[in-house]
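Input: a single structure, listed below in structure tokens.
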There are 2 protein chains.
Amino acid sequence: MTETSSNSGSGGGATGRIGIGLEMDATHLKILEVLRDNGRVSVSALAERVGISRANAYTRFEALRADGVIRRFTAEIDHQRTGLGIVALIFVTVRQQMWRQFRAQLAQMPEVEYCAITTGQHDAMIQVRMADVAEVHAMVTERLANIPAVKATETVFILDEVLRRPYVLPSDRDRGRGAPRRPASSSGASASVSASSSTPEPEQGQGLPLGKMRFVGAAEGRAALRDAT
Amino acid sequence: MTETSSNSGSGGGATGRIGIGLEMDATHLKILEVLRDNGRVSVSALAERVGISRANAYTRFEALRADGVIRRFTAEIDHQRTGLGIVALIFVTVRQQMWRQFRAQLAQMPEVEYCAITTGQHDAMIQVRMADVAEVHAMVTERLANIPAVKATETVFILDEVLRRPYVLPSDRDRGRGAPRRPASSSGASASVSASSSTPEPEQGQGLPLGKMRFVGAAEGRAALRDAT
DNA sequence: GTTGAAATTAGTACGAA
DNA sequence: TTCGTACTAATTTCAAC
């Protein structure tokens with residue numbers, strides 16, 4: 001209420017038009033594609049792979065960086081090796097009007113890898129990476145629960161990270177099965193959706209809130225998943 | 001069942017001991033720290049920042065890469081600029097014994113950025129990045145729902161990505177408030193936890209399943225969140 | 001937007017501590 | 001192991017086209 005209602009960060013509403021101050025053409029996307037898969041390529045090699053000249057690659061590379069399309073370059077790390085093999089999702093119900101405090105407290109927690117404000121049942125989802133399960137429990141009960149802004153939490157553990165793509169790009173969709181569903185309307189749709197689409201199934205019971213009672217049973221078929229690679 | 005039950009991917013159980021074939025000392029962690037924040041630093045600059053010689057930096061850098069501690073280097077991209085500003089989480093209930101098919105279908109969906117198998121209410125969580133809300137709906141109803149392995153889905157939208165740290169490292173915890181809770185036990189704990197810790201609160205109602213009825217209302221306090229930066 | 005040069009820097013291979 | 005140095009190869013910058 002004290003400020004503008006424009007969307008600041010990423011993933012917000014739909015105010016973000018494509019290419020504010022930078023024309024995002026196919027070449028730019030191709031550059032992003034290469035850099036996503038190999039963030040350490042030399043600009044010369046980048047130019048070669050994209051099919052443009054060195055100078056052009058340098059210009060575009062700098063433009064993408066200066067314009068903030070490329071936020072940073074980072075190394076993807078095997079967390080098992082660094083001793084942080086336990087991942088957990090903590091769904092947080094936040095006391096309204098205390099969002100600011102909640103966010104400030106988050107900044108104090110380095111083990112938080114990701115935090116997003118969501119629609120639906122809870123208000124936010126936090127992803128943490130820890131050395132063992134006990135640490136997750138300690139974090140939730142001793143640290144999160146002590147934040148006045150936190151009204152309630154619900155924790156689930158991640159048993160396996162099946163897929164982690166560096167960063168999705170629009171060009172990826174063309175490689176999937178079939179063409180994109182619509183000709184990529186230049187801007188998004190309405191922002192405050194607060195939706196919760198569900199796909200119920202006759203076998204499960206039509207009007208049920210999606211199997212709220214199933215808290216165990218997600219382990220039987222997991223062995224068969226191993227040899228799918 | 002047809003193969004070994006060892007953990008394949010990352011974030012799996014707790015079989016991952018620290019430093020299989022590579023001693024993860026403080027210097028290695030410091031290298032990871034620098035590379036996480038700037039994946040494009042030259043090895044010379046890296047050596048300078050870590051405080052080792054260039055030759056040593058090259059050796060260690062290569063060792064980390066060859067050993068798989070560093071998986072890849074990537075560019076962090078502002079998705080608003082690329083036209084994929086809508087993020088959604090899809091919680092999937094998977095038909096047991098069809099995990100393999102589910103995983104295979106996932107590989108066919110390039111707009112999926114992250115997929116993890118979780119304990120708790122659902123079996124898996126998928127994060128997708130799309131151009132608009134309609135595309136998310138189309139994906140859930142037309143593509144996910146058509147996969148026989150998918151029993152049910154529940155979708156929530158991400159209104160704001162508050163925090164996204166490149167990759168958490170053990171050394172980060174020392175920078176938080178207070179010291180780490182325990183002296184970093186070398187290995188994790190039990191794997192199949194299937195836990196769902198919760199911190200209920202008198203104000204909300206003790207035995208309630210965490211406000212299942214609250215589907216809206218996560219927007220009021222969000223304006224105050226803007227000036228917290 | 002492209003090509004081709006010079007200047008700088010990165011990567012490699014050694015011996016010594 | 002790690003460091004320091006010299007050597008080679010590559011990249012980046014800057015110029016003209």
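Because only heavy atoms are used, hydrogens play no part in the values below, and waters and symmetry mates are left out as well, while side chains stay in.
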Report the residues that fulfil side-chain contact (heavy atoms from CB on, under 4.5 Å) with [X], sequence neighbours left out, ordered by chain and then residue number.
{"X": "B:Ala88", "value": "B:Val128, B:Val136, B:Thr155, B:Phe157"}
{"X": "A:Leu163", "value": "A:Arg165, B:Val112, B:Cys115"}
{"X": "B:Ala149", "value": "B:Val94, B:Met98, B:Gln101, B:Phe102, B:Ile147"}

Contacts table for residues 46-58 of chain A: side-chain donor-acceptor under 3.5 angstrom, sequence neighbours left out:
unit_1  : atom_1 : unit_2  : atom_2 : d
A:Ser53 : OG     : A:Asn56 : N      : 3.3
A:Asn56 : OD1    : A:Arg60 : NE     : 3.1

Just checking A:Tyr167 against B:Tyr114, ring centres under 6.0 Å apart? no
Using side chain to side chain donor-acceptor pair (under 3.5 Å) as the criterion, list what pairs up with [X], not counting sequence neighbours.
{"X": "B:Arg65", "value": "none"}
{"X": "B:Glu113", "value": "B:Arg129, B:Arg164"}
{"X": "A:Ser171", "value": "A:Glu33"}

Problem - Aromatic ring pairing B:Phe61/B:Phe73, orientation class (parallel under 30°, perpendicular over 60°, tilted between) - result: parallel
In the 5' to 3' direction, the nucleotides of DNA chain D bounding the stretch that comes under 4.0 Å of a heavy atom in chain A are D:dT11 to D:dT13
In 5'-to-3' order, the base (B), backbone-only (S) or no-contact (-) status of each nucleotide in nucleotides 1-13 of chain C, using a 4.0 angstrom heavy-atom cut-off, is SBBB-----SBB-
Partner of A:Arg81 under side-chain contact (heavy atoms from CB on, under 4.5 Å), picked from B:Asp67, B:Leu64, B:Leu32, B:Ile70, is B:Asp67
Rounded to 10°, the angle between the first-five-pair and last-five-pair axes of the helix from C:dG1-D:dC17 to C:dA17-D:dT1 is 30°
